[in-house]
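Structure, as structure tokens:
Chain letters run A, B, ... following the sequence lines, proteins first, then strands; residues in each count from 1.
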2 protein chains.
Amino acid sequence: MAEEWSFPSVLERMWGREPTTRRGPRPRLDLPTITAAAIEIADAEGIGGVSMASVASRVGVATTALYRYIDSKEDLLTAMADAVAPLPPDPEGMHWRDYLALWTRAQRDILLQHSWLLAISANVPPMGPRRLLWLDRALAALEGTGLDEGERVNVASSLTGFALTDASLIHNVLGDSQLDKAGLKGASDYGEALAAVLDPADYPALSAAVGAGVFSGVVGWVDDGDFLFGLNLLLDGVEQLIARRRAGT
Amino acid sequence: MAEEWSFPSVLERMWGREPTTRRGPRPRLDLPTITAAAIEIADAEGIGGVSMASVASRVGVATTALYRYIDSKEDLLTAMADAVAPLPPDPEGMHWRDYLALWTRAQRDILLQHSWLLAISANVPPMGPRRLLWLDRALAALEGTGLDEGERVNVASSLTGFALTDASLIHNVLGDSQLDKAGLKGASDYGEALAAVLDPADYPALSAAVGAGVFSGVVGWVDDGDFLFGLNLLLDGVEQLIARRRAGT
DNA sequence: GGCATACTGTGTATCGCGTTCATAGTTTCA
DNA sequence: TGAAACTATGAACGCGATACACAGTATGCC
């Protein structure tokens, strides 16, 4: 029944529950210090620069010392993903739609500022204190809308997913290295590249879009308008659902 | 101007443009053979089982022989991601909403059947023949709705993103290994785990949702209804936009 | 027909990274 | 004071991606 749970040690530490031990030397590190160092490296050099060795050397210990605090590198990444998130904005007094728009944009911006997150997300269900706080605030904003608990969670999930999608799109098209890696020198080349490769007979609709210049130039392709476009698609859907619930269906 | 483009060699091969050379021994392999082998391994053992060595041994050549066909492992992954996609369904004669629902679900199912895709996506803008064909069909289905080319692309992107989000969610909660790795034995434990860790004072709305049983049990948490929920959120938004365009705004 | 050429597959080698293990040192409790 | 519990370390292992030089093989030109 109410047995004592055994979380993975990283999770315990993420929630501040350091092991309650008294013997032995004082630990020289703690999880926040380690994740902070790892995040700094990832921000500066990308996720590729994050190795056990690089993190350890940055905090001034031997490589293997890190294993006293985390069980594996993947655990480190999990901890990083939670720790980068700042505190969510306060929904107090805001209309749900305004807050969720703000909330979603903020999430997207976090992903863009720390684009290495894109390579990590799609990992574990969120279990860290920060990410759960974000979820909590979204649910709070939806109180009083007539949606039930499950629906609120679904709305929040959809918006989080959208933020991730949008950030991923922007990163891939404007991104630092990806496009060079694909042999494209800039975003505007994406349209050209498509045109060079598509046979209008096999790809009629897509060719038309390319011909219309949809993919040409950074501005026409991904800009803030596109974010709002998708966001409002979702929020319109939510609004309609709320109206339906209010109408008693 | 119309210069000869130099794509990365993998892209050339993905589009069937093998180098037009005649000298030397006949290549024993081709890109489709390699990607097929890699996909089989990934399906069977997960993405972790895919190494240059394992793929090479499966097709019966030395490890380094693969580098005659691809420049790097990442290129192999790119090719795999395009090659797993089957041909998209035909929108001929279908209402745009029905088709897009089908189209999105099919994409999600692909991601679930080859869940290693989740670890790869968020990579490069789609440049392969299969993925572009999917995009083309979605755009075709939106012809005659009054949306302009850019809007159609945005709709398709949003739906693709949603499919990815939903698949990712399902995979993480019901997934094969992830949950064990997180120390949770099954999906129903997610709710329990949250309850064990949350302080209702700090996470009031989320605690309420947990208390309502939203996260308890597989059925209540992610099922087909949730997919339809998010999908219809988006499609309702699209429908509203189309109506607005028709009304002349 | 023969020879240079361009191309193919292989074996060897290197480098970096994650992780394990035995060890030496350090602090607290009995 | 001594034992127990815990810490950080260095060396070592295994694996995986990739570079390189080499040997073999088919084509095109003379």
Requested in this report: Applying side chain to side chain contact (heavy atoms under 4.5 Å, CB included), run through A:Val153 and A:Leu139 and close with a yes or a no.
Outcome: CA-CA 7 Å; A:Val153 171; A:Leu139 299 181; 4.0 Å; yes
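- Residue B:Pro25 has its side chain nearest to D:dG24 when only D:dC6, D:dG24, C:dT19 are considered.
- When the C1' atom of C:dG11 is taken as reference, atom CG of B:Leu66 falls 15 Å away, rounded to whole Å.
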Query - side-chain hydrogen bond (donor to acceptor under 3.5 Å, both in side chains) assessment of B:Asp30 paired with B:Thr33 - result: CA-CA 6 Å; B:Asp30 51 12; B:Thr33 304; 2.4 Å; yes
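- When the P atom of D:dA8 is taken as reference, atom CG of A:Leu29 falls 6 Å away, rounded to whole Å.
- The side chain of B:Arg28 sits closest to C:dT10 out of C:dT10, C:dT28, C:dT19.
- B:Asn154 and B:Ser157 share no donor-acceptor pair across their side chains, judged by distance under 3.5 Å alone.
- The side chain of B:Met52 lies closest to D:dT18 when the candidates are D:dA8, C:dC17, D:dT18.
- When distances are taken from the side chain of A:Thr63 to each of C:dG9, D:dG28, C:dT19, the shortest belongs to C:dT19.
- Put simply, the side chain of B:Thr64 and the base of C:dG9 share no donor and acceptor less than 3.5 Å apart.
- Protein atom CD of A:Glu74 is 15 Å distant from nucleotide atom C1' of C:dC17, rounded to whole Å.
- The interatomic distance linking B:Arg23 (CZ) with D:dT27 (P) rounds to 11 Å, in whole Å.
- Rounded to whole Å, atom P of D:dA8 lies 9 Å from atom CD1 of A:Ile34.
- Distances shown here put every side-chain N or O of B:Tyr67 at or beyond 4.0 Å from the OP1 or OP2 atom of D:dC20.
- Between A:Lys73 and B:Tyr69, the residue anchored closer to the 5' end of DNA chain C is B:Tyr69, taking for each the nucleotide with the nearest heavy atom.
- Two residues, B:Gly24 and B:Ala53, neighbour DNA chain D, and the one matched to the more 5' nucleotide by heavy-atom proximity is B:Ala53.
- Remark: A:Asp166 engages A:Arg108 in a salt bridge, criterion side-chain N to carboxylate O under 4.0 Å.
- Regarding B:Arg26, its CZ atom lies at a distance of 15 Å from the C1' atom of C:dA6, rounded to whole Å.
- The separation between A:Arg68 atom CZ and D:dT9 atom P is 11 Å, rounded to whole Å.
- Put simply, CD1 on A:Ile70 is 14 Å from P on D:dT7, counting in whole angstrom units.
- Using a 4.0 Å heavy-atom cutoff across all strands shown, B:Ala62 reaches sugar-phosphate atoms only and no base atom.
- A salt bridge links B:Asp224 to B:Arg105: at least one charged side-chain nitrogen sits closer than 4.0 Å to a carboxylate oxygen.
- Closest to the side chain of A:Ser51, out of C:dC17, C:dT8, D:dT9, is C:dC17.
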